[in-house]
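Chain letters run A, B, ... following the sequence lines, proteins first and then strands; every chain starts at 1.
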Amino acid sequence: MHNWEIAQGNSIWLALAGVLLVTFIVIGLLTKLPVTLRRPLLSFLVFVSGLFYALEYFLPTHMVLDHGVQVPENFLTDLIPNIINPLAQDLSALLFGLGLFSLMRIHFNNVVRQRSGWVNSLALLISTLSMMVFGFWSRANLHHPRWVDQVYHHLFDGVYQNMDAAMFSLIAFFILSASYRAFRIRSFEASILMTSALIVLLGLSFGGVITDKVPDYGLWSNFRIETWSSWILNIISSPGLRAIDFGVGLGGLAMGLRIWLGIEKGALFGD
Amino acid sequence: MNNTTNNEMPLLEKLQKIDRRILYLILIIVIAIPTIWPINIPNAPLPMSRDLWNTINATPPNKIVLLSSTWTKNTRGENQGQMEAILNQLMSRHIRFAISTFDPRGSQVALNLVNSVAKKYGYVYGKNWVDFGYQPNGVNYVKGISVDLIQTVKRDAVLKKPLQDLPVMKGIRNADNIQIVVEISASSSQYYWIQFLKPGVKVGFACTSVMAPEAIPYYTSHQLAGILWGAKGAYDYEQLNVEHHTGDWGSGRQYMGPLSAAFGLVILSIFVGNLAMFLSRKRTRQ
Amino acid sequence: MQHACDNWFVAFFEGALVLLIMVRIVKSMRGSIPFIRRIPGLNAIDEAIGRATEMGKPILMIPGILGLDIVSLQALNVFTHVTRTAARFATPIRMCVCDATLYTISQEVIQDAYQAEGKPELYDPDSVRFLSDQQFAFAASVAGLIQREQVAATFFLGSFFAESLIFAEVANSVGAIQVAGTVMTTQTPFFIAACDYVIIGDEFYAASAYLSKEPVATGSLVGQDYAKLLLTFFIVLGSIIYTVTGYAGGPQVPLIHELFADGGWTALLHSIRHLF
Amino acid sequence: MKITDRTIGIIAVICLIPISFGAYLYYLRFGQNGLNIFLGGLVTLAVYSTLYRENPIYRFAEHIYLGLAAGYGVVIAWSEVLSTQWYDPIFKQHQWLWLWILPLAIMAYFVFSKKHSWISRIPLVILSGFAAGTIFQGFVSQYFPQIQDSFKSLRPTIYTLQNPDPTPAAHILSISGAINNAIFLITLTSVLTYFFFSFEHKTKAIRGYAQVGRWLMMIGFGAIFGSTIMTRFALLVDRMYFILIEWMHLGHPII
């Protein structure tokens with residue numbers, strides 16, 4: 001990637017101006033593009049960007065030394081970590097501003113127009129701002145007072161992380177109410193769902209204690225509850241899920257193919 | 001007779017459509033009581049916990065153990081107990097060890113835990129243990145240490161010193177000097193080790209119980225030397241530690257009490273729900 | 001199997017699967033519309049929208065919690081259908097997304113859907129909301145939204161993880177009628193426990209063919225079936241060979257075992273050479 | 001006797017006074033980490049209050065949470081992606097070709113334009129193209145090892161019920177192992193049969209087989225449900241430990 005570099009430090013601004021100029025010309029041209037040509041253009045772009053990965057997979061490789069390990073590569077392989085991944089990540093990160101803008105716009109309007117709940121919106125705006133200020137400030141390399149780190153520590157570890165954990169642990173309550181409601185022996189299906197859930201749950205918890213006196217060797221081990229639960233997981237659950245996954249995988253393959261070839265009617269191409 | 005069933009009916013119907021908030025309140029109480037006044041639930045360690053314990057216990061003095069600690073506050077309930085139990089065993093047996101993480105937020109969590117346990121055993125950083133820090137590129141890291149550990153990691157994460165200058169790394173060059181890598185994880189990060197670590201080096205997996213079923217086939221095919229299955233794995237490990245005097249009880253046993261109570265509540269609530277449904281159905285049929 | 005040349009057999013096999021799908025798509029485009037069996041979860045979509053219309057409350061859609069990928073694009077296809085139906089009855093919609101790129105395309109898709117129904121004036125840009133890209137912050141916010149707006153119907157389609165049950169139970173507590181489907185098989189049981197209608201496994205990918213009866217999607221669905229049949233055939237064949245040879249592990253590996261791992265192509269060539 | 005949201009809000013605001021006093025006490029007694037624990041307990045209770053019903057306290061906490069997450073997202077987007085992979089290469093290493101990401105990003109912002117919003121699709125189709133292109137390699141490396149693993153022998157190598165040496169290296173298949181393999185294959189194929197959409201399940205045998213597939217799938221789902229319960233409850237137990245022991249000091253801490 002040495003040829004990417006330009007010699008003079010200041011000329012980067014020149015390059016930036018050039019890029020922006022080209023951008024405006026291209027966008028200007030795009031706005032004049034006839035409606036009928038939009039879809040072919042989009043399909044072409046999808047095809048080209050998809051082609052990269054397809055070629056990377058299908059082209060033959062040779063062995064290259066990387067971090068002391070021989071790895072198979074072709075001339076596209078190196079571009080994935082160096083160009084394509086950063087490009088996709090940079091683009092997503094730059095687009096994050098869009099989402100942020102929409103969030104901020106809604107809540108800013110709430111505050112300005114004093115809609116009901118505007119205090120909450122204000123709290124949201126303030127907390128966003130303070131997280132950004134203290135996040136950047138405490139990460140900045142330049143010298144900053146110690147209390148900045150402390151405030152960030154309270155915001156992140158004290159409030160944010162604990163809210164994360166609290167939200168995560170809410171699921172336990174919902175599991176209880178969902179299983180109370182759903183695990184009724186109403187139909188045959190509901191009953192087997194319940195039975196296998198109970199056996200596995202018992203096998204993982206104090207079920208092992210119930211059958212602790214049963215020897216864990218020979219045929220006796222078949223009467224231990226943890227044997228049952230791992231049997232269900234390995235012999236029924238795993239092939240069942242695998243069969244579903246095969247279908248899901250093929251569905252994804254077909255969908256990827258349709259998008260790549262531009263024959264998918266739907267969300268992406270706007271028809 | 002008729003009278004009693006008439007009285008029963010509203011109760012049964014109520015039980016069937018019990019307000020979820022009452023269930024939640026019961027759950028809180030059922031967990032709170034054994035948390036404040038701990039109870040001990042008997043336990044029988046699983047073979048896969050035992051295998052992990054034995055492998056780590058057999059570490060010869062010329063090898064180290066690598067703990068890859070990829071968890072944060074979110075799964076503290078399971079992973080902290082597991083890691084603490086393993087650390088107890090390592091330190092009481094005077095085994096050298098290193099830690100690293102695949103999660104940027106995980107390194108501080110791991111450091112805090114190791115430091116608090118190390119105080120108990122007088123373990124010294126740099127002499128008895130070392131931190132390789134956050135490893136953003138998992139594949140390269142694992143491939144790299146298979147060949148040359150010192151060159152791949154270069155500097156430790158706490159003192160920022162070259163690895164070869166630390167006494168803990170004496171005689172440790174590559175994956176052959178690692179007795180076992182234990183991935184303590186909230187996700188399926190064990191695949192890094194299963195796929196890319198030099199074949200022959202043992203891998204253990206201490207995971208949340210969601211991930212365990214997925215990992216069991218790798219244990220049966222001996223790609224994993226042992227598995228700690230969620231909170232039960234932590235309890236198993238503590239029990240093995242106590243049996244062999246390599247550590248004390250910790251959060252594994254502490255949490256199993258409230259956990260078992262909660263499981264009991266789940267089972268009981270399913271039972272009561274079904275019973276109420278059956279009885280009221282029977283009534284309507286009459 | 002990072003590259004095709006690690007095992008050409010596998011690459012050819014995948015090529016065959018792709019070919020099967022393509023052939024059926026072309027056939028279907030030429031006008032032979034195939035049969036598709038009933039999928040109860042998908043029939044429920046219109047029922048759920050109808051319920052929301054009766055109650056005059058909004059419907060909520062969530063296209064998973066991952067970014068822009070194949071799965072979320074498929075979810076958006078289904079949501080196009082939902083939005084168009086909702087637009088016909090002027091039922092308000094809410095869509096929460098947790099990725100900014102997905103947010104951008106969702107805006108476009110929803111706007112288009114209203115346009116296609118000839119009711120662009122009903123489109124409200126605030127109905128599509130980016131909430132957060134952090135899993136549980138997103139979940140907390142969705143839970144709040146469900147309760148505040150008392151949504152009447154919810155559609156959770158896409159990739160979901162632990163938060164699936166938070167959405168489903170909170171929506172259940174406000175009495176919403178729920179249609180859910182995810183490609184994450186480990187989350188399906190929670191949807192089964194808490195939702196009214198569940199789309200399991202690749203019924204999710206069948207949805208666009210089923211709802212739109214559009215030739216490309218329908219043909220592709222039939223092609224997928226043939227591909228699935230091919231996979232099943234090979235699994236049965238492999239098992240028969242194992243049974244006949246009595247293989248239970250060990251160094252004497254049957255060829256079919258080697259074919260599906262790295263170096264399978266070399267093994268195949270080797271054994272063909274050996275034959276003559 | 002329904003308490004209105006306004007009342008809850010007013011009570012919450014009044015409670016702020018003792019709460020700040022409590023926070024100060026925590027800070028005095030336990031220092032920085034003590035304050036974190038205090039804040040953590042407070043927000044945990046605020047989140048849990050939604051279990052009773054949607055209320056102003058939860059709403060307030062939710063908005064703060066969302067705000068912090070948004071701010072954190074910006075910090076991460078810059079410090080872990082843009083600064084190292086975009087800003088530094090351009091302005092420190094002068095790899096100016098990275099500037100060409102800018103036009104793509106600008107195009108995305110056209111989504112707010114009424115007339116030219118379609119331009120925003122350009123960067124998105126490029127990202128979708130990448131997603132579609134990876135599917136070929138992804139499908140192969142994810143599913144072919146599983147196909148290979150699904151070949152199962154039904155012929156025991158040793159005619160006893162029990163395998164004398166259960167390690168895989170022994171290469172022994174007992175009668176019960178063969179039966180297990182058969183059940184494995186039945187589950188796999190019957191579930192696959194259930195997911196055939198375009199073949200009408202005409203014969204009774206196929207319809208029955210697909211039905212068996214559905215039942216076996218339900219057993220599998222039940223098992224997943226059961227094995228997930230422990231993780232979720234462990235988190236709750238840990239949170240309760242945090243609230244009761246670390247925050248309220250109602251018992252003895254373990255470490």
Would you indicate whether A:W231, at its atom CH2, is surrounded by more than 12 heavy atoms from other residues, nucleotides or ligands within a distance under 6.0 Å?
yes
Taking atom CZ of D:F30 as the centre, report whether more than 12 heavy atoms of other residues, nucleotides or ligands fall under 6.0 Å from it.
yes
Residue among [options] with most heavy-atom pairs under 4.5 Å to chain A:
| options | answer |
| --- | --- |
| D:N181, D:N33, D:I119 | D:I119 |
| D:Q142, D:E80, D:E62, D:R59 | D:R59 |
| D:M217, D:M230, D:Q146 | D:Q146 |
| D:F91, D:F225, D:W118, D:Y109 | D:W118 |
| D:I183, D:V191, D:T44, D:L82 | D:L82 |
| D:A77, D:A132, D:S113, D:A223 | D:A223 |

Donor-acceptor pair, [X] side chain versus [Y] backbone, under 3.5 Å?
| X | Y | answer |
| --- | --- | --- |
| A:S196 | D:I219 | yes |
| A:S237 | A:N234 | no |
| D:W86 | D:W98 | yes |
| A:R39 | A:G262 | yes |
| D:N55 | D:S49 | yes |

Under 4.5 Å from a heavy atom of chain A, the part of [X] involved:
| X | answer |
| --- | --- |
| D:D149 | both |
| D:A69 | both |
| D:L127 | side chain |
| D:V237 | neither |
| D:L51 | side chain |
| D:S150 | both |
| D:I90 | both |
| D:I147 | both |
| D:I101 | both |
| D:F38 | neither |
| D:F139 | side chain |
| D:A61 | both |
| D:W215 | both |

D:L68 side chain near A:L155 side chain, heavy-atom distance below 4.5 Å
yes
Taking C-beta and beyond as the side chain, do A:F156 and A:F134 meet within less than 4.5 Å on heavy atoms?
no
Let's test your reading of the structure: which of [options] forms the most heavy-atom pairs below 4.5 Å with chain D?
| options | value |
| --- | --- |
| A:F173, A:F58, A:F174 | A:F173 |
| A:D90, A:V200, A:V48, A:V19 | A:D90 |
| A:L176, A:L55, A:L233, A:L95 | A:L95 |
| A:M255, A:Q161, A:M132 | A:M132 |
| A:H154, A:R258, A:M194, A:M167 | A:H154 |
| A:G135, A:S102, A:P239, A:G158 | A:P239 |

Can you classify the ring geometry of D:F130 versus A:F52 as parallel (below 30°), tilted (30 to 60°) or perpendicular (above 60°)?
perpendicular
Relative to each other, are the rings of A:Y160 and D:Y72 parallel, tilted or perpendicular (30° and 60° limits)?
tilted
Can you list the steps and then say if D:R239 with D:Y48 is a side-chain hydrogen bond (donor to acceptor under 3.5 Å, both in side chains)?
CA-CA 11 Å; D:R239 257 306 88 178; D:Y48 280 7; 5.7 Å; no
Looking only at the side chains, is there a donor atom on one of A:Y57 and D:T134 sitting less than 3.5 Å from an acceptor on the other?
no
Under 3.5 Å, is there a donor-acceptor pair between the A:D164 and D:Y65 side chains?
yes
Heavy-atom distance under 4.5 Å to chain D: side chain of [X], backbone, both or neither?
| X | value |
| --- | --- |
| A:H107 | side chain |
| A:L41 | side chain |
| A:L16 | both |
| A:L125 | neither |
| A:L98 | both |
| A:L33 | side chain |
| A:V22 | side chain |
| A:I235 | both |

Evaluate side chain to side chain contact (heavy atoms under 4.5 Å, CB included) for D:F110 paired with A:L30, printing each intermediate quantity in order.
CA-CA 12 Å; D:F110 269 75; A:L30 282 175; over 6 Å; no
From the list A:F44, A:F47, A:Y53, ring-ring contact (aromatic ring centres under 6.0 Å, His included) partner of A:W260 resolves to A:F47
For the aromatic rings, using the six-membered ring if either is Trp, is the centroid distance between D:Y58 and D:Y52 under 6.0 Å?
no
Worked check of side chain to side chain contact (heavy atoms under 4.5 Å, CB included) between A:N162 and D:L39
CA-CA 8 Å; A:N162 276 310; D:L39 288 170; 5.9 Å; no
Does D:L102 form a side chain to side chain contact (heavy atoms under 4.5 Å, CB included) with A:T23? I'd like the steps, not just the answer.
CA-CA 8 Å; D:L102 220 47; A:T23 308; 5.8 Å; no
